[in-house]
Amino acid sequence: MEPDQKKTDVDGTSNDFMSTLPNLDLEGLAKQINIENLTGNIDKIKENVLDGEFGTRGEAYVAAQGFLVLCIVLGGVPFIGDALKILFGPVLLLIGCVVILKGLTDMGGSLNVWPMPSSKNNDLIISGIFGQIRHPIYSGLVCSMAGFSILTDSATRLILTIVLLYVLDVKSDVEEKGLHEKFGTAYSDYVSAVPGKFFPDELASKI
């Protein structure tokens, strides 16, 4: 009886999980597909594609879309994929590690792992690399993880790096709120002087 009971528990868990998914009737959608509505309008589609002047219809977006889909299907960038991996992987990893180390050493005794400022520290670090970006340690962490993802040719790691960037962005907002409360106008002046959160303002404006 124990195997049957275990099977029931597993099935129950599976059903609970499936019930949380969007109610998408794939079979119903498949039945609604009308191929003739596409094949019967080939001439009209051609007219739509040929309409307008070249360069004014958003061709660049279509080219980028097609290129990215091709890269995804092929599993990399054609012809230069290996070169990009060898170049950008180690370079981003090295830059990230250097930026992290520079940020840690510039923080010195003010270093704190928590986003909320410590009541034991009254020093606002605005010099060194903090004079160029407000959160260099986070920047270096994202940069190094992106480089490691490229170097190991891991799409999963790259996706997780994007998630990490989002987490650090939210965390830095909490951190900056605490710094505003602790240092007041001094921190506001610092934010005005150093607008780049994770990247230098000159670079961020070009991304």
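Owing to the predicted nature of the structure, the values given are computational and were not obtained by experimental measurement. In this chain, residues are counted from 1 in sequence order. These numbers come from the heavy atoms of this one structure, side chains and all, not from hydrogens, waters or symmetry mates.
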Problem - same_hphob_cluster(Phe198, Ile162) at 4.5 Å side-chain heavy-atom cutoff - result: no
Practice task
Quick one: list whatever passes side-chain hydrogen bond (donor to acceptor under 3.5 Å, both in side chains) with Thr152, sequence neighbours left out.
Solution key: Arg157
Completion exercise
With Ile129 as partner, the option from Leu101, Ile137, Val99 fulfilling side-chain contact (heavy atoms from CB on, under 4.5 Å) is Val99
Handout entry: same_hphob_cluster(Leu93, Leu165) at 4.5 Å side-chain heavy-atom cutoff
Key = no
Handout entry: Joint hydrophobic cluster, Leu111 plus Ile125, side-chain heavy atoms closer than 4.5 Å
Key = yes
Exercise for the section: List in chain and number order the residues that pass side-chain hydrogen bond (donor to acceptor under 3.5 Å, both in side chains) with Thr105, two or more places apart in sequence or in another chain; answer none if no residue qualifies. Expected result: none
Completion exercise
In short, ring pair (Phe, Tyr, Trp, His ring centres under 6.0 Å) pairs touching residues 159-183 with sequence neighbours left out are His180-Tyr187
Problem - Phe148 and Thr161: CA distance, side-chain angles, deciding distance, side chain to side chain contact (heavy atoms under 4.5 Å, CB included) verdict - result: CA-CA 10 Å; Phe148 184 67; Thr161 299; over 6 Å; no
Handout entry: Intermediate values then yes/no, side chain to side chain contact (heavy atoms under 4.5 Å, CB included), Leu164 and Met145
Key = CA-CA 9 Å; Leu164 175 64; Met145 291 301 98; 4.0 Å; yes
Exercise for the section: Write down the atom of Val194, the atom of Gly131, and the distance for their closest heavy-atom approach. Expected result: CG2-O, 3.6 Å
Completion exercise
Here the gap from Asn121 atom CG to Asn112 atom CG, rounded to the nearest 0.5 Å, amounts to 8.0 Å
Practice task
Taking the side chain as every heavy atom from C-beta outward, state whether Leu151 and Pro90 have any atom pair closer than 4.5 Å.
Solution key: yes
Exercise for the section: Show your working on side chain to side chain contact (heavy atoms under 4.5 Å, CB included) between Tyr190 and Leu179 and close with a plain yes or no. Expected result: CA-CA 11 Å; Tyr190 169 63; Leu179 292 170; over 6 Å; no
Exercise for the section: First locate atom OH of Tyr138, then atom CD1 of Ile133, and finally report the distance between them rounded to the nearest 0.5 Å. Expected result: 12.5 Å
Exercise for the section: List the atom of Asp106, the atom of Gly128, and the distance in Å for their closest heavy-atom pair. Expected result: OD2-CA, 3.5 Å
Practice task
Give the C-alpha distance, both sets of side-chain angles, the deciding distance and a yes or no for side chain to side chain contact (heavy atoms under 4.5 Å, CB included) between Asn122 and Lys182.
Solution key: CA-CA 9 Å; Asn122 293 313; Lys182 184 178 180 67; 3.3 Å; yes
Completion exercise
Looking only at heavy atoms, the pair that brings Ile100 and Ser144 closest together is CD1-OG, 4.0 Å
Handout entry: Leu158-Leu160 co-clustered via ILVMFWY side chain contacts under 4.5 Å
Key = no
Practice task
Kindly say whether Asn37 contributes a backbone atom to a donor-acceptor pair with the side chain of Asn41 at under 3.5 angstrom?
Solution key: yes
Handout entry: From CD (Glu181) to CE (Met116), nearest 0.5 Å
Key = 6.0 Å
Fill in the blank from the handout: Note: Ser110 and Asp123 closest approach over all heavy atoms is OG-CB, 3.6 Å
Fill in the blank from the handout: The side chain to side chain contact (heavy atoms under 4.5 Å, CB included) partners of Ser192 (sequence neighbours excluded) come to none
Handout entry: For the student: nearest non-hydrogen atoms of Gly103 and Pro136, plus distance
Key = CA-CG, 4.3 Å
Practice task
Taking atom NZ of Lys177 as the centre, report whether more than 12 heavy atoms of other residues, nucleotides or ligands fall under 6.0 Å from it.
Solution key: no
Fill in the blank from the handout: Taken in chain and number order and not counting sequence neighbours, the residues that satisfy side chain to side chain contact (heavy atoms under 4.5 Å, CB included) with Ile159 are none
Problem - Side-chain ion pair, Glu176 and Lys197, N-O less than 4.0 Å - result: no
Exercise for the section: Indicate, with yes or no, if Phe199 and Val191 share a hydrophobic cluster defined by side-chain heavy-atom contacts under 4.5 Å among Ile, Leu, Val, Met, Phe, Trp and Tyr. Expected result: yes
Problem - With Asp189 via side chain to side chain contact (heavy atoms under 4.5 Å, CB included) - residues at least two apart - result: none
